[in-house]
*Asks:* 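So that we are looking at the same thing, I have put the structure below in structure tokens.
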There are 2 protein chains.
Amino acid sequence: MVTNYQEAKSQNREALRRGLLDAASRVLVSEGLEALTMRRVSQEVAASTKVLYTLFGNKEGLLEQLYVEGFERLRRNLEAVPLSDDPVADLVKVALAYRENALADPTYFAVLFGRSVAGFTPSANSIEAAMSGFALLEGFVQRAMEAGLLRPADVKTSAKIVWATLHGATSLELDGYFDDADPSSRRQTYQLAVDTLIKGLSRFVS
Amino acid sequence: MVTNYQEAKSQNREALRRGLLDAASRVLVSEGLEALTMRRVSQEVAASTKVLYTLFGNKEGLLEQLYVEGFERLRRNLEAVPLSDDPVADLVKVALAYRENALADPTYFAVLFGRSVAGFTPSANSIEAAMSGFALLEGFVQRAMEAGLLRPADVKTSAKIVWATLHGATSLELDGYFDDADPSSRRQTYQLAVDTLIKGLSRFVS
DNA sequence: TGCTATAGGTAACAACGTTATTAGTAGCAA
DNA sequence: TTGCTACTAATAACGTTGTTACCTATAGCA
């Protein structure tokens, strides 16, 4: 039947797409962004570059899929944070998870937020798909605000402020501007940034 | 005399270097990072690419000079902030200037903070030279802290936290994640981020 | 006037993204 | 089985990029 054929074909396509994306991820994480060439990725799966072009269109298309994948990984890592009965403590935990996610795979972080990846800017469509991680952050903020722990304000704006702080501290550290002696003091700087942020958002000052 | 000859030669070299760097700046600002090729820059000054290689070594050398130039521009823009007798208000003004600097020349911002500019990572030497802008920020923080307006803390760490907030909010806006309806609401979001930061750092809560 | 050093132009090389051409394969109908 | 159609992938090529080997020319000096 035609439908089954089409279905099987699209399943094959999906499996192939997934395999190619994983190959690209492997190259990206283990060899860096410079090594992520069409030839390198295709040879990773022992095929020609043509496969990449039929499935992703061009390199920008491949990068866009990696971009979406990177945001999914971020969301999964933020979702893995266990909830307690203290919304503010949970917000701090998710803040730390943001940094951990970036430090675990810095090259992915570069795909998500490195401007200037040769002519790559994610489509509005991809950006929207990527915002689910932000929506998650927004949930944490809303929860703390509804519990009366944060000063009443527009939730979306407050969440943007939270994201900006986490993102700025993480970016500067990854770019080497927090090069204190040891890694633990960098972690402490991040911790203090989060503390300051919470203090600024809090209804009561401790 | 040898010294004069050498001096004249090095002056010429310096003038030439400056001219090439300005040409590269023009291309970068007006045509974007993709257009910044060795051939494009050399044709901007009607010369061959060889000149760029004798003066900068390779493309990474040219990017490194643009990196230093970008941080000097940032420092100049931050220095242009007029001082008042309110250290906290001045800190807010310098915070706004950070954003303005980035929005004025986003491509320069990409050179400074875009990871993944094809294999470009600034040398430790350049990073150090670039930190003068940060030192300036540190001065504003110190002034406000010594006036008793900010909660006593390590000045350098507090300045890092300030920088992280400004940088995060600016980066996310430039990357298109603050795509509210109009630009003025983006400015307001940034303003609120700065307010929250100040509140978190303040000794007294208003 | 020659000698030396060095800077700059030309043309080429290797690697990259991309595509035109070609070959092969799977499904379908006779 | 035998053609026909659609589509996929391999190959080889093209244009552009960073880079360099080779050559030329110019400036200073004896």
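Chain identifiers are assigned alphabetically (A, B, ...) following the order of the sequence lines, protein sequences preceding nucleic acid strands; residue numbering begins at 1 within each chain.
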*Asks:* CZ of B:F56 versus C1' of D:dT19: gap in Å, rounded?
*Replies:* 16 Å
*Asks:* Any side-chain to backbone donor/acceptor pair from B:Y67 onto B:T121? Under 3.5 Å, distance only.
*Replies:* no
*Asks:* How does each nucleotide of nucleotides 8-21 of chain C score, in 5' to 3' order, for protein heavy atoms under 4.0 Å: base (B), sugar-phosphate only (S), or none (-)?
*Replies:* BBB-B---BBBB--
*Asks:* Could you work out, with ring pair (Phe, Tyr, Trp, His ring centres under 6.0 Å) as the rule, every residue matching B:F134, not counting sequence neighbours?
*Replies:* B:W163
*Asks:* Are A:F71 and A:Y108 close enough that their ring centers fall under 6.0 Å?
*Replies:* no
*Asks:* Partners of A:R186 by side-chain contact (heavy atoms from CB on, under 4.5 Å), sequence neighbours excluded?
*Replies:* A:R99, A:E173, A:F178, A:D179, A:D180, A:P183
*Asks:* Parallel under 30°, tilted from 30 to 60°, perpendicular over 60°: which one fits the rings of A:Y98 and A:F113?
*Replies:* tilted
